[in-house]
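One structure below.
First listed ligand is number 1; within each ligand, the first listed atom is number 1.
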Amino acid sequence: MPIDIVVGAHWGDEGKGRVVDLLSENSDLVARFNGGDNAGHTVTVGEKIFKLHVVPSGMIHPHTIGVLGSGMVLNPHTLLEEMAMLKESAIEITPERLWISDAAHLITPAHRLLDRAQDAALGKEQIGTTGRGIGPTYVDKAARCGLRAGEILDPEYFAERVQAHFARLDHLLSGWYRENGMDVEAQVWDFLEMTNAIRPFIRRIGPLVQNALSERKTILAEGAQGTLLDLEQGTYPFVTSSCTTAAGIFSGLGLGVQPVRSVLGVTKAFHTRVGSGPFPTELDGEMADFLRGSGANPWDEYGTTTGRPRRVGWLDLVLLNYAREVNGLTELFLTKLDVLSGLSAIPVCVAYQTGGRTFRSLDFSGDARQLAKCTPMYETLPGWQEDLRACRKWADLPANARAYVDFIEDHTGLMVKNISVSPERLALIARG
Ligand code: GDP
Ligand code: IMO
Ligand code: MG
């Protein structure tokens with residue numbers, strides 16, 4: 001059963017890039033199945049820090065084949081930039097190594113403009129999107145007028161479709177959003193040139209992935225964003241526009257339901273969120289500054305894609321249990337335990353109170369308005385002072401750090417199989 005799925009258990013930025021890079025050493029295919037370049041996945045190898053938005057994080061390992069699935073929305077410009085960036089580090093992304101699904105949808109500069117105009121128009125109800133055109137591209141997909149990567153293979157037809165796309169969005173932007181009109185001809189020309197460059201990468205993915213499976217190759221599916229940003233199960237409307245949970249992999253790769261070996265939930269030792277929406281355990285003041293960091297370290301909590309400071313708060317086990325349920329998690333991978341060093345006490349949210357009731361699991365599907373009314377109930381665990389970054393074995397961890405991990409296991413019923421104590425590839429406690 002060679003499919004392993006990695007998903008974020010929070011609102012994104014849990015360290016999925018770091019985890020996928022580690023696990024892909026033993027994987028053949030590494031596949032993105034949702035989202036687009038709203039994702040920002042950091043992989044640290046020695047002195048090198050790679051920030052990947054489109055290329056699967058597992059492709060830093062030279063033996064892997066990368067797949068960009070049909071559930072994705074793809075910005076050709078970002079992809080080409082990323083390939084050039086990787087080439088500087090002698091990582092070649094050739095059409096033999098990267099397969100783009102012909103059913104993936106294309107993000108255009110007009111989608112980006114529309115994303116920003118729409119979010120700005122929401123005023124104080126803003127979602128705080130990454131401005132990468134994600135929502136409008138999925139809207140076009142659902143409205144059945146989107147541009148699919150496979151159309152690039154038929155240049156004449158594609159040129160007509162691109163022309164019609166820019167004309168339509170220009171009309172919408174200048175008419176409804178009062179944006180300055182765009183130079184449609186120039187945009188069409190640039191976009192066609194850019195999409196030409198990705199033509200050799202486009203494939204029908206389903207049969208290729210199916211073949212790989214029948215040859216007993218291992219597939220690592222790399223989720224983007226996190227469970228609580230899922231369009232259906234997340235804190236709607238403060239979500240992204242794709243399926244970020246494990247359920248997304250089959251439709252997002254064009255596969256039938258297959259046996260899955262593991263569904264690994266990546267959880268930070270505390271919670272973070274970028275953009276708007278409810279966050280029950282959110283902190284401000286000194287404690288928030290402590291968890292976020294000043295920005296001096298590469299791992300401090302500033303967005304990989306937008307550079308925005310991330311909102312931070314204590315670990316929330318109600319939400320982590322929700323992530324377990326909606327993904328069918330089989331294990332946890334805990335990251336950033338090292339960041340908690342230096343605290344004398346660490347509160348962990350174990351329940352919510354709302355409307356005179358206390359509950360330990362969500363009894364509503366993430367709905368933002370209901371979540372905003374919840375007051376977190378904490379249990380406080382003793383902290384530790386030691387620097388964890390050199391720990392490589394369970395026994396190396398201070399007793400209170402071990403107790404923190406035990407507490408997570410006891411309250412979720414999931415084993416924390418791996419604990420990461422720095423961004424570096426091998427800075428890890430593997431627990432078998
Ligand atoms: P992703 O979107 O889930 O891939 O996560 P990001 O890359 O956006 O953000 C996670 C940040 O935490 C990155 O800067 C990682 O290098 C960093 N990171 C991952 N694991 C650890 C860890 O165990 N300790 C520390 N200090 N940083 C980590
Ligand atoms: P990775 O893969 C954190 C958030 C945005 C915003 C909401 C909608 O790095 O974990 P969108 O641009 O998708 O329409 O924005 O989703 N968001 C992320 N937050 N990590 C991400 O990706 C995110 N991708 C989108 O901040 O709140
Ligand atoms: Mg990220």
**Message:** Is it true that T335 and R18 share a donor-acceptor pair across their side chains at a distance under 3.5 Å?
**Reply:** no
**Request:** Kindly indicate whether the side chain of R97, heavy atoms from C-beta on, has any atom under 4.5 Å from the side chain of E92.
**Result:** no
**Item:** Any N or O of I134 closer than 3.5 Å to N or O of ligand 2
**Value:** no
**Asked** Can a salt bridge be assigned to the pair D37 and R112 using a cut-off of 4.0 Å between side-chain N and carboxylate O?
**Response** yes
**Asked** Should G15 be counted as touching ligand 1, given the test is an N or O pair under 3.5 Å?
**Response** yes
**Asked** Would you say H41 contacts ligand 2, with heavy atoms under 4.0 Å as the rule?
**Response** yes
**Asked** What protein heavy atom sits nearest atom 7 (C) of ligand 2, and how far off is it?
**Response** V239 O, 3.9 Å
**Message:** Only heavy atoms of G275, strictly under 4.0 Å: list the atoms of ligand 2 that pass.
**Reply:** 27 (O)
**Message:** Within ligand 2, which atoms have a heavy atom of A39 less than 4.0 Å away?
**Reply:** 1 (P), 2 (O), 9 (O), 22 (O)
**Side-chain (R273) to main-chain (S276) donor-acceptor, under 3.5 angstrom** = yes
**Asked** Which ligand 2 atoms does I127 reach within 4.0 Å, using its non-hydrogen atoms?
**Response** 8 (C), 27 (O)
**Prompt:** For residues N38 and T240, is any side-chain donor paired with an opposing acceptor at under 3.5 Å?
**Reply:** yes
**Asked** Backbone, side chain, both or neither: what part of H41 comes under 4.0 angstrom of ligand 1, heavy atoms only?
**Response** both
**Any S422 heavy atom less than 4.0 Å to ligand 1** = yes
**Item:** Worked verdict on K268 versus E301 for salt bridge (charged side-chain N to carboxylate O under 4.0 Å, His left out)
**Value:** CA-CA 12 Å; K268 266 182 206 167; E301 296 294 350; 3.0 Å; yes
**Request:** Please examine the side chains of L397 and I419, heavy atoms only from C-beta on, and report whether any two atoms are closer than 4.5 Å.
**Result:** yes
**Fill in**
If you compare T240, V266, L229 by their heavy atoms, the one closest to atom 4 (C) of ligand 2 turns out to be L229
**Message:** Does ligand 1 come near enough to V339 that some N or O of the ligand is less than 3.5 Å from an N or O of the residue?
**Reply:** no
**Prompt:** Looking at ligand 2, does G40 have a heavy atom less than 4.0 Å from it?
**Reply:** yes
**Prompt:** Which is closest to atom 4 (O) of ligand 1 in terms of heavy atoms, P298, G12, A269, G17?
**Reply:** G17
**Item:** Side-chain donor-acceptor pair present, T235, W11, cut-off under 3.5 Å
**Value:** yes
**Asked** Can you name the residues that form a side chain to side chain donor-acceptor pair (under 3.5 Å) with K373, not counting sequence neighbours?
**Response** none
**Request:** Determine, step by step, whether V54 and L68 satisfy the side-chain contact (heavy atoms from CB on, under 4.5 Å) criterion, reporting the C-alpha distance in whole Å, the side-chain angles of both residues, the deciding distance to 0.1 Å, and the verdict.
**Result:** CA-CA 8 Å; V54 183; L68 302 180; 3.8 Å; yes
**Prompt:** Which bit of E424 is near ligand 1, meaning a heavy atom under 4.0 Å away: side chain, backbone, both or neither?
**Reply:** neither
**Prompt:** How does A224 reach ligand 1, if at all, at less than 4.0 Å between non-hydrogen atoms: by side chain, backbone, both, or neither?
**Reply:** neither
**Message:** Given S241, G303, G128, P136, identify the one with the heavy atom nearest to atom 6 (C) of ligand 2.
**Reply:** G128
**Fill in**
dist L320:CG -> L317:CG (nearest 0.5 Å) comes out at 6.0 Å
**Item:** Per atom 14 (O) of ligand 1, closest listed option by heavy atom (W299, F50, F333)
**Value:** W299
**Complete:** For W11, the atoms of ligand 2 under 4.0 Å from one of its heavy atoms are 3 (C), 19 (N)
**Fill in**
Numbered in order shown, the ligand 2 atoms found under 4.0 Å of a heavy atom of K16 are 1 (P), 2 (O), 10 (O)
**Prompt:** At the 4.0 Å heavy-atom cut-off, does R273 count as touching ligand 2?
**Reply:** no
**Message:** Counting only heavy atoms from other residues, nucleotides and ligands, does the tally under 6.0 Å from CD of Q385 exceed 12?
**Reply:** yes
**Which residue and heavy atom of the protein sit nearest atom 23 (C) of ligand 2, plus the separation** = Q225 CG, 3.6 Å
**Message:** So, using side chain to side chain donor-acceptor pair (under 3.5 Å) as the criterion, who are the partners of N327 when residues are at least two apart?
**Reply:** T227
**Message:** At less than 4.0 angstrom from any non-hydrogen atom of A224, what atoms of ligand 2 do you find?
**Reply:** 2 (O)
**Message:** According to side-chain hydrogen bond (donor to acceptor under 3.5 Å, both in side chains), does anything in residues 121-147 pair up with another residue at least two apart or in another chain? List the pairs.
**Reply:** H111-T137, H111-D140, D115-T129, D140-R168
**Message:** Surrounding CH2 of W394 (heavy atoms of other residues, nucleotides or ligands, distance under 6.0 Å), is the total greater than 12?
**Reply:** yes
**Asked** Applying a 4.0 Å heavy-atom criterion (strictly less than), which segment of D13 is in contact with ligand 1: side chain, backbone, both, or neither?
**Response** both
**Message:** Quick check: R310 and ligand 1, any N/O pair under 3.5 Å apart?
**Reply:** yes
**ligand 1 contact on V421 by region, counting heavy-atom pairs under 4.0 Å** = backbone
**Atoms named by residue and atom, protein N, O or S, within reach of the Mg ion (ligand 3) (under 2.8 Å)** = D13 OD1, G40 O
